[in-house]
Amino acid sequence: MLEKTYDSAAVEPKIARKWDEADAFRAGANAKPDAETFTIVIPPPNVTGSLHMGHALNNTLQDILVRFERMRGKDVLWQPGMDHAGIATQMVVERKLMEQQLPGRREMGREAFIDKIWEWKEESGGLIFNQLKRLGASCDWSRERFTMDEGLSAAVLEVFVTLYKEGLIYKDKRLVNWDPKLLTAISDMEVEQIEVKGNLWHLRYPLEEGVTYQHPVAFDEEGKATEFETRDYLVVATTRPETLLGDTGVAVNPEDERYKSIVGKHVILPIVGRRIPIVADDYADPTAGTGAVKMTPAHDFNDFEVGKRTGLRRINILNIDATITIKDNEDFLEGLDDPEALHGAWDELEGKDRFEARKIVVRIMEEAGLLDAIEPHKHMVPHGDRGGVPIEPRLTEQWWVDNKTLAQPAIASVREGRTKFVPKSWENTYFQWMENIQPWCISRQLWWGHQIPAWYGPDGQVFVEKTEEEALQAAIQHYLSHEGPMKALVEDLLENFKPGEILTRDEDVLETWFSSALWPFSTLGWPDQTPELERYYPTNVLVTGFDIIPFWVVRMMQMGMHFMKDADGNPVEPFHTVYIHALVRDKNGQKMSKSKGNVIDPLELIDQYGADATRFTLAAMAAQGRDIKLATSRVEGYRNFVTKLWNAARFLEMNECFRVEGFDPKATTLPLNRWIIGATARGAAAVTKGIEDFKFNEAANAAYDFVWGTFCDWYVEFAKPVFMGENEAAKAETRATAAWALDQILAILHPFMPFVTEELWAETGKTGPARENLLILGQWPDLAGLEDAKADAELSWLIDVISNARSVRSEMNVPASAKLSLVVVGASETTLARLVAGTSLITRLARLEDITPQATAPANSAQFVVGEATWALPLADFIDLAVEKARLSKEVDKLNAEISQIDKKLGNEQFVAKAPEEVIEEQKARRQAAVERRDHILEALKRLS
RNA sequence: GGGAGUAUAGCUCAGCGGGAGAGCAUUCGCUUCACACGCGAAGGGUCACAAGUUCAAUCCUUGUUACUCCCA
């Protein structure tokens with residue numbers, strides 16, 4: 001006997017163990033012979049990660065697809081794995097060392113630190129997998145991969161070396177986003193623009209000796225200058241005054257009348273004393289600030305470009321940690337004549353943090369009378385998304401991927417429909433991103449990650465090979481074949497060769513996304529040509545959030561199409577469908593974040609409501625193209641659904657609805673059973689279509705409506721009198737049908753609610769023929785051809801009569817306990833025939849005494865119309881004539897409104913001429929039905945007065 | 001500044017060129033022999049605003065307003 005309520009906390013671990021013991025998640029489990037494959041690679045969570053709502057949604061949707069296809073008999077692989085998460089992991093372990101007051105990473109050195117990270121990974125990494133298992137994710141855990149494991153590292157080496165030799169990876173000195181906290185370059189995508197309240201400081205830059213210009217100070221109504229003053233200085237506006245130290249020019253717009261006369265002249269840079277030119281460039285916006293912009297080409301992306309166009313010097317004035325370096329900075333000192341007078345200021349600034357230096361620069365300028373104005377200013381400041389501090393553009397040598405070249409096949413694939421986004425609107429975003437793609441900076445000044453396979457010779461010559469051995473061979477060959485001092489040096493070194501003497505390895509590692517870009521094929525064994533690679537690549541669908549389209553999706557497409565080729569050498573996409581799901585927000589539509597305190601922890605939901613309710617909620621709310629605003633009341637509602645299902649099964653169990661060997665739904669005879677069988681088929685088809693179309697909400701709602709609204713609310717109620725009756729044949733058929741229908745229900749709900757359905761599958765398996773398999777390895781219902789229109793019509797008539805009778809009772813305030821007689825007037829043969837079998841059901845569900853056909857309705861009756869017949873409830877004791885009249889009149893009004901609306905349409909010649917025939921017919925039919933119904937009610941009304 | 005999206009019941013959201021829907025919430029009634037995490041019933045919407053296309057617009061087009069997101 002089943003318990004009264006379902007105890008998810010007790011059942012879930014038990015079911016998880018069963019799946020595990022049956023090896024049910026293994027690739028190919030339940031596959032039919034010659035089955036097609038269905039492959040999904042999991043978006044690898046960070047090794048440092050823990051489950052949040054986004055993961056819960058992402059993995060629920062994948063698991064629904066995977067369980068669905070597994071039940072359909074496909075050869076399913078859901079490939080799990082984790083990402084080594086370079087910066088994040090390094091930060092976690094560094095923090096841990098600090099907490100334990102152990103030596104920092106620099107003290108312990110690279111090798112020891114990396115060992116520490118591996119240690120940490122073994123102990124506390126991958127927590128998220130246990131959490132995913134609690135959610136029910138049926139990944140093939142035996143195939144778990146890690147972006148730093150041996151095989152994936154081999155894939156990284158192969159890709160890096162190949163792309164380098166093809167010229168698609170190169171080293172370049174450019175401005176990069178530099179994180180002064182983490183001391184590494186980061187990619188554009190890791191930069192977050194955050195609005196900051198700052199100031200716009202207006203600074204005076206004196207023009208060099210003898211130079212002046214006329215600056216407008218008053219204007220007429222049309223904005224024309226009417227008065228000028230003679231100035232021997234320029235005013236520039238800046239949000240970062242400390243960068244003044246690295247200024248090498250001032251830019252004005254070539255069309256700007258104010259400054260035309262001084263283009264090509266010079267200013268003397270305050271504090272520094274450098275003579276720097278005034279240049280003309282379109283970048284300067286005459287309407288912004290003062291129209292004159294200070295240029296710091298080594299510390300600003302725009303200035304860098306302007307500087308390139310106008311030939312300005314680049315002077316770096318910041319250390320890697322964004323402290324000021326000028327005193328021993330050759331770059332800075334070059335070109336300065338006699339700076340002694342300024343040494344005081346330099347001493348003060350040297351070594352100061354950039355924000356400290358900002359204050360000092362402002363103070364010095366103010367003291368010198370060169371601070372014109374301070375204007376409060378809100379602006380966007382780029383921040384590193386990991387370190388959380390403002391980034392500094394910094395001129396460094398880094399490794400780059402030629403993204404533009406790799407993007408072309410990936411763009412074509414989407415254009416030509418070989419890769420589809422669902423919903424399609426994301427394709428726009430994709431194109432927008434791909435067509436403006438920038439070179440991708442892949443080197444990071446970190447220790448945790450794939451170290452770049454590049455070695456440098458004594459003269460800095462670079463050798464990129466998969467191993468040091470190969471690099472050394474390449475180096476020797478290179479040096480010995482070129483005459484010159486290097487040849488002698490290398491020959492000499494080779495005499496007493498010690499490793500490391502000729503070559504030194506590049507210290508940098510690759511950014512995390514580089515290895516995840518290879519995920520769809522590296523996890524299958526590439527670069528080895530494994531059977532898995534052959535069988536499961538390309539994958540079928542990628543399920544992910546839109547926020548990582550540029551980080552991950554496009555890069556997988558680029559790499560996949562570059563490295564994976566079919567027999568004819570054509571690129572093979574890593575997947576053909578990209579399903580982009582929503583962001584999970586809180587119930588007010590706010591992004592969940594720790595700082596706002598509005599985070600809903602999926603594990604707490606699972607604890608409180610169960611994994612099934614949590615999953616079902618996410619699926620039911622996953623409408624395409626819309627964010628999910630999650631309220632726990634919804635989860636509670638679906639928890640109730642789980643209980644409802646449980647109790648329906650419990651009811652069937654109590655009534656001995658056991659499965660029958662060889663039950664054939666087509667052979668049933670009772671309309672009740674033929675109807676529920678057809679309805680089950682429709683329900684299953686709707687769920688199937690929903691999942692196939694990635695409309696998870698439609699699938700979930702179809703299942704919910706059918707199970708609760710049809711099976712529980714009507715079928716089970718109809719079955720009760722049968723179970724309590726004397727007709728043994730009817731009882732047997734209904735029991736068998738009910739058991740069959742529950743089996744189908746468990747199957748169609750399984751992808752959404754795997755635990756409770758698996759548990760009920762086991763419980764219901766205790767009677768009747770033995771189950772062949774766990775439900776996870778069961779069969780997806782394919783029930784086409786089981787519908788019976790006659791049974792459907794009969795049952796919907798029954799439901800109609802009962803609903804109407806209930807409604808009238810309720811509206812007339814008839815006490816629930818009162819049992820009434822129902823009179824049917826004007827009943828056709830069909831109705832009378834239906835009543836033979838239906839009377840017991842109607843009386844039971846509408847709480848009636850009996851039903852009798854009569855020629856006329858009794859006086860003081862409440863009446864309703866179903867089909868051709870009028871039904872009357874004699875309510876002598878309860879009826880309030882006025883209330884009943886009002887109720888019927890209201891319905892007449894409604895029908896009249898509908899009729900006149902249709903008449904208006906049908907009276908319109910244009911409509912009759914142009915509308916399709918079936919639309920006109922439909923309107924006529926609707927009018928007919930409304931008129932008949934109205935007339936019946938009018939008659940009923942007449943009888944009342 | 002550029003781009004995208006959204007606007008439908010109190011809330012959260014489906015839907016759709018031809019009859020306005022669900023869940024939750026609300027109200028009323030119910031110890032109806034699975035389930036109160038339940039059963040039955042009810043109320044509630046100018047489908048943001050304006051114009052256009054159409055025989056017909058909540059739906060298509062354009063504009064406006066508001067909100068959200070992405071990029072700069």
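Each chain gets a letter, A, B and so on, in the order its sequence line appears, and its residues count up from 1. The model shown is predicted, which means the values in this text are computed figures rather than measured ones.
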Next on the checklist: Looking only at the side chain of N640(A) (C-beta and beyond, no hydrogens), which of the listed nucleotides rG38(B), rG18(B), rC35(B) gets closest?
Outcome noted: rG38(B)
Checklist entry - Would you say K720(A) has more than 12 foreign heavy atoms packed within less than 6.0 Å of its NZ? => result yes
Item to check | Distance, P atom - from rA25(B) to rC39(B), rounded to whole angstrom | outcome: 12 Å
Checklist entry - What is the nucleic acid contact for A913(A), judged by heavy atoms within less than 4.0 Å: base, sugar-phosphate only, or nothing? => result nothing
Checklist entry - Atom CZ of F431(A) and atom C1' of rC70(B): how far apart are they, to the nearest Å? => result 17 Å
Checklist outcome for this item: Dot-bracket for RNA chain B, 5' to 3', Watson-Crick and G-U pairs with both distances under 3.5 Å, [ ] for crossing pairs, | for partner on another strand, reads (((((((..((((....[..)))).(((((.......))))).....(((((..]....)))))))))))).
Checklist entry - Which part of the nucleic acid, if any, lies within reach of R844(A) when heavy atoms closer than 4.0 Å are counted: base, sugar-phosphate only, or nothing? => result base
Item to check | L749(A) to L645(A) - nearest heavy-atom pair and separation | outcome: CD1-CD2, 3.8 Å
Item to check | From CA spacing to verdict: side-chain contact (heavy atoms from CB on, under 4.5 Å), V919(A), F911(A) | outcome: CA-CA 10 Å; V919(A) 170; F911(A) 173 72; 4.1 Å; yes
Checklist entry - NA contact type, R806(A), heavy-atom cut-off 4.0 Å: base, sugar-phosphate, or nothing? => result sugar-phosphate
Checklist entry - Using a cut-off of 4.0 Å on non-hydrogen atoms, how would the nucleic acid contact of V642(A) be classed: base, sugar-phosphate, or nothing? => result nothing
Next on the checklist: Within the 4.5 Å heavy-atom criterion, are P550(A) and R555(A) side-chain neighbours or not?
Outcome noted: no
Next on the checklist: Give me the distance, rounded to whole Å, that separates rA56(B) from rG63(B) when you measure between the P atoms they each carry.
Outcome noted: 23 Å
Next on the checklist: Could you walk me through whether T5(A) and W646(A) satisfy the side-chain contact (heavy atoms from CB on, under 4.5 Å) test, starting with their C-alpha distance in whole Å, then the side-chain angles of each, then the deciding distance to 0.1 Å, before giving a yes or no?
Outcome noted: CA-CA 7 Å; T5(A) 51; W646(A) 184 260; 5.6 Å; no
Checklist entry - Once you round it to whole Å, what is the distance between C1' of rU32(B) and CG of L848(A)? => result 13 Å
Checklist entry - Between F651(A) and R926(A), which has a closest nucleotide on RNA chain B that is more 5'? => result R926(A)
Checklist entry - Given the rule in the side-chain contact (heavy atoms from CB on, under 4.5 Å) test, do C657(A) and F723(A) qualify, once you have shown the distances and angles that lead to the verdict? => result CA-CA 9 Å; C657(A) 300; F723(A) 294 150; 3.4 Å; yes
Item to check | Side chain of W708(A) - closest among rC37(B), rA34(B), rG38(B) | outcome: rG38(B)
Item to check | Protein-nucleotide distance (N813(A), atom CG; rG29(B), atom P), rounded to Å | outcome: 9 Å
Checklist entry - Rounding to a whole Å, what distance do you find between N647(A):CG and rA36(B):P? => result 7 Å
Checklist outcome for this item: Comparing W714(A) with M724(A), nearest RNA chain B nucleotide closer to 5' gives the residue M724(A)
Checklist entry - Rounded to whole angstroms, how far apart are CD on E849(A) and C1' on rU32(B)? => result 15 Å
Item to check | Separation between the P atoms of rG44(B) and rA9(B), rounded to whole Å | outcome: 14 Å
Next on the checklist: Can you tell me how the ring of F694(A) sits relative to the ring of Y579(A), calling it parallel under 30°, perpendicular over 60° and tilted otherwise?
Outcome noted: parallel
Checklist outcome for this item: Winner on side-chain proximity to A915(A), out of rG18(B), rA34(B), rC24(B), is rG18(B)
Item to check | From rC37(B), rC35(B), rC33(B), nucleotide with atom closest to T643(A) side chain | outcome: rC37(B)
Checklist entry - Is the backbone N or O of L895(A) less than 3.5 Å from a side-chain atom of R933(A), with the two atoms forming a donor-acceptor pair by type? => result no
Next on the checklist: Using atom P in both nucleotides, what's the gap between rA4(B) and rU46(B) to the nearest angstrom?
Outcome noted: 31 Å
Checklist entry - Which part of the nucleic acid, if any, lies within contact of S807(A), taking any heavy atom under 4.0 Å across all strands shown: a base, the sugar-phosphate backbone alone, or nothing? => result sugar-phosphate
Checklist entry - Does the side chain of K904(A) get closer than 4.0 angstrom to OP1 or OP2 of rC55(B) through an N or O atom? => result no
Next on the checklist: Side chain of E898(A), heavy atoms from C-beta onward: which of rA34(B), rC55(B), rG19(B) has the nearest atom to it?
Outcome noted: rG19(B)
Checklist outcome for this item: Regarding the side chain of Q923(A), the nearest nucleotide among rU32(B), rG15(B), rG18(B) is rG18(B)
Checklist entry - If we take the C1' atom in both rU32(B) and rG38(B), what is their distance in whole Å? => result 12 Å
Checklist entry - Is there a donor and acceptor pair closer than 3.5 Å between the side chain of K644(A) and the base of rC35(B)? => result yes
Checklist entry - rA14(B), rC55(B), rG19(B): which one has an atom nearest the side-chain heavy atoms of N697(A)? => result rA14(B)
Checklist entry - Does any donor-acceptor pair link the side chain of R639(A) with the base of rC37(B) at a separation under 3.5 Å? => result yes
Checklist entry - Judged by atom type as modelled, is there a donor-acceptor pair below 3.5 Å linking the side chain of E898(A) to the main-chain atoms of K894(A)? => result no
Checklist entry - Just to confirm, is there a sub-4.0 Å distance from OP1 or OP2 of rC39(B) to any side-chain nitrogen or oxygen of K720(A)? => result no
Checklist entry - The side chain of F911(A) lies closest to which of these nucleotides: rG18(B), rA34(B), rG40(B)? => result rG18(B)
Item to check | Validation row: Y283(A), N253(A) side chains within 4.5 angstrom (heavy atoms) | outcome: no
Next on the checklist: Students often get this wrong, so: under 4.0 angstrom with heavy atoms, is K905(A) touching a base, only sugar-phosphate, or nothing?
Outcome noted: sugar-phosphate
Next on the checklist: When the P atoms of rA22(B) and rG45(B) are compared, how many Å lie between them, rounded to an integer?
Outcome noted: 14 Å
Item to check | Rounded distance in Å - CZ (F711(A)) to C1' (rC35(B)) | outcome: 14 Å
Next on the checklist: What residues from residues 608-620 of chain A pass a heavy-atom cutoff of under 4.0 Å to RNA chain B?
Outcome noted: none
Checklist entry - Hey, does K890(A) reach any base, or is it just sugar-phosphate, or nothing, if we go heavy atoms under 4.0 Å? => result sugar-phosphate
Checklist entry - How far, in whole Å, is rA20(B) from rC47(B) if one measures between their P atoms? => result 11 Å
Checklist entry - Atom CE of M812(A) to atom C1' of rA42(B): distance rounded to whole Å? => result 13 Å
Checklist entry - Would you call the rings of F864(A) and W871(A) parallel, tilted or perpendicular if under 30° counts as parallel and over 60° as perpendicular? => result parallel
Checklist entry - NA contact type, D713(A), heavy-atom cut-off 4.0 Å: base, sugar-phosphate, or nothing? => result sugar-phosphate
Item to check | Nucleotide rC16(B), atom C1' - distance to CD of E698(A) in whole Å | outcome: 12 Å
Item to check | C1' spacing across the pair rG17(B) / rG1(B), given as an integer number of angstrom | outcome: 37 Å
Item to check | Ring centres under 6.0 angstrom apart (F718(A), W714(A)) | outcome: yes
Checklist entry - Nearest to the side chain of R847(A), which nucleotide is it out of rA34(B), rU32(B), rG38(B)? => result rU32(B)
Item to check | Audit row: Q863(A), L873(A), side-chain contact (heavy atoms from CB on, under 4.5 Å) steps and yes/no | outcome: CA-CA 6 Å; Q863(A) 299 162 82; L873(A) 276 174; over 6 Å; no
Checklist outcome for this item: Testing rG18(B), rU12(B), rC55(B) for proximity to the side chain of P916(A), the answer is rG18(B)
